[in-house]
Amino acid sequence: MSLDEATVARIARLARIEVEDDRLPELARELSNILGWVEQLGEVDTNAVEPLRAVMPIPSRRRADVVTDGDRQADVLANAPASHDGYYVVPRVVE
Amino acid sequence: MTYTIKGATGEWEVVCGLEVHAQVTSEAKLFSGAATVYGGAPNSQVSPIDAGMPGMLPVVNRECVAQAVRTGLGLEAEINKVSVFERKNYFYPDLPQGYQISQYQHPIVGKGEIHLDLEGGDTKTVGITRLHLEQDAGKSMHDAQDGASLIDLNRSGVALMEIVSEPDIRSPDEAVLYMRKLRTILRYLGTCDGNMEEGSLRCDANVSVRQVGEDGFRTRCEIKNVNSMRFVARAIEYEAKRQIELYEQGGDVEQETRLFDSNKGETRSMRSKEEAHDYRYFPDPDLLPVELTDDEIEGWRAGLPELPDAKKQRFIDDFGLGAYDAGVLVAERATADYFEAVAAKAEPKAAANWCINELGGLLNKAGKGIEQSPIAPDQLAALLALLKDGTLSGKLAKDVFALMFETGDDPQKIVKDRALEQVTDMSSIEPIIDQLIKDNPGQVETYKKNPKVIGWFTGQVMKATGGKANPQAVQQVLKPKLDAA
């Protein structure tokens, strides 16, 4: 599979990564190479193989429905660049 | 009656499916130990997992899994014994992880159905496509500060069930019936409190139109933010008319997400969201699939309460109620329980009638739910007994009922304190009748020509006795006396 420059630009936008236009050809080539390398796996016939859900055959754990956390507003906001009255403050986002 | 909209070129039909987000009733969140209670101080119900701190690992809440399965069973749906959590990737400030953990290819619940009670006693089945578990996002406030938005993550990570219907809905009214019925089922199951004001139940509508008789579906639009029963109907109606107008003017409907503006009663395009539709789902590597055993599923099934459809049928079969009355009574489990408690000690049809009309009326006026009824079921049953044995006339019973509602007193006490017993001893009434006939020779003459005037005499007797006489008994004495006068 090979990626064109428009696709790479779109992926970058979705991932919120700023990519200058002149970098696109190089990135498209590198990403295409990586995908091509991974695609070799497609040569193996896996029709009869169950998908691997976990490396270890352990049942998934479930937590009890009990409140064990919270009530730590100051901790939660400690790393926020800005806060106000217990809220995070972010640049205005409106539809 | 089929719902159609008349356009310039002919009759159009509405095709609608609903996506409902129902907040799971649980103490803690889907993957963390923070509380789910509504209305806490901002960011006071947030764990490092909900805040998207690096290195935190989610562990699924077992009650949320159980609640989703119970809901699936209540919707007569397939339960998938293996379901997978996936990451739905998008950026928004109220989603600190940068992805929502949801279920995509392998939801926990598959196809099911909901039965709607239409007017005139017909029923209609609406298919359920799927139900999956996912995390709620935080809450943004845009108007509190200039140039800034405020974010509260209390809701972030709360468990939601997304319940998707088939495009089986054909009118705004059917959409409302679907929402009501779904809400009733969820509340019976105790898996969601159904509180639309607090956002526990939120609805998006997929709407398209087609000409009557046309096969297949046309392009649909997704209408977001229809968060009350009233808005569901209005948003669908507006959107259908918008699409019909577009087609009839030679245009085409574009598949897009639209926002319902409840102030203006219209839908408008949310173009900014389109880019975000590439969610790049992939299985969440932090979570193993949810695997259910038959024992677990059967245990949850055994714990299900009687559901509204079954209860309604039982009320019809066992109590001889009409379908409409039975439907009203089962809409809320508390109302159905109340009625059953009354019906255990009184004539069921009378019990139904008083629960729906008299009690329902007073509760409505007082803005109270049946849980806050000042009249206990036993007290209503006692009142119906007084009515049945002739102690109270129908009119007096209603007066006593109003006093019971006001004071919470037993009917026997009210009757005794206020000397309200119906006068059944006719000997005390006969002199009143005799006097009345003597004083009103003109009315007696009129009666001879028009026997209906007996009603006037009965009314006068009732007045003279303060409403305590039994009108039928009065007439029985009155008629021969008038005929002989």
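In what follows, every heavy atom counts, from backbone to side chain, and hydrogens, waters and symmetry copies are set aside. Predicted model only: the values in this text are computed from it and were never measured. Chain identifiers are assigned alphabetically (A, B, ...) following the order of the sequence lines, protein sequences preceding nucleic acid strands; residue numbering begins at 1 within each chain.
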request  = Name the region of A/Asn79, side chain, backbone, both or neither, that has any atom closer than 4.5 Å to a heavy atom of chain B.
outcome  = side chain
key: Neighbour count >12 (heavy atoms, 6.0 Å) for atom CD, A/Gln40   = yes
task = Pick one of side chain, backbone, both or neither for B/Ile49, based on which atoms fall under 4.5 Å of a heavy atom in chain A.
result = side chain
inquiry  = Distance check, rounded to the nearest 0.5 Å: A/His84 atom NE2 versus B/Ile151 atom CD1?
reply    = 13.5 Å
key: Spatial distance of atom CG (B/Asp278) from atom CD1 (A/Ile11) [nearest 0.5 Å]   = 8.5 Å
note = Max heavy-atom pairs within cutoff under 4.5 Å with chain B, candidates A/Leu77, A/Thr68, A/Val67, A/Asp75, goes to A/Val67
task = For residues B/Val60 and A/Arg61, report the shortest heavy-atom separation together with the two atoms involved.
result = CG1-O, 3.8 Å
request  = State, to 0.1 Å, how close A/Arg63 and B/Val59 come at their nearest heavy-atom pair, and which atoms those are.
outcome  = NE-O, 3.0 Å
key: Leading residue by heavy atom contact count with chain A [cutoff under 4.5 Å; candidates B/Val84, B/Asn154, B/Leu150]   = B/Leu150
note = Minimal heavy-atom distance between A/Tyr88 and B/Asn43, with the atoms involved, is CE1-OD1, 3.6 Å
key: Residues, nucleotides or ligands: over 12 heavy atoms within 6.0 Å of B/Tyr281 OH   = yes
message = Could you report the tightest heavy-atom contact between B/Asp152 and A/Tyr87, atom names first, then the distance?
response = CB-CE2, 3.7 Å
query = Is any side-chain heavy atom of B/Pro48 less than 4.5 Å from a side-chain heavy atom of A/Asp69?
reply = yes
ask   = Looking at CE of B/Met141 and CZ of A/Arg92, how far apart are the two atoms once the value is rounded to the nearest 0.5 Å?
value = 11.5 Å
task = State whether the number of non-hydrogen atoms from other residues, nucleotides or ligands found under 6.0 Å of B/Lys139 atom NZ is greater than 12.
result = no
remark   = Checked B/Gly138, B/Ser47, B/Pro93, B/Ala148 vs chain A; the most non-hydrogen pairs under 4.5 Å come from B/Ala148
key: Separation of A/Arg62 CZ from B/Cys64 SG (nearest 0.5 Å)   = 11.5 Å
ask   = Taking the side chain as C-beta and beyond, is there a heavy-atom pair between A/Asp65 and B/Arg62 under 4.5 Å?
value = no
request  = Please flag which part of A/Val66 lies under 4.5 Å from any non-hydrogen atom of chain B: side chain, backbone, both or neither.
outcome  = backbone
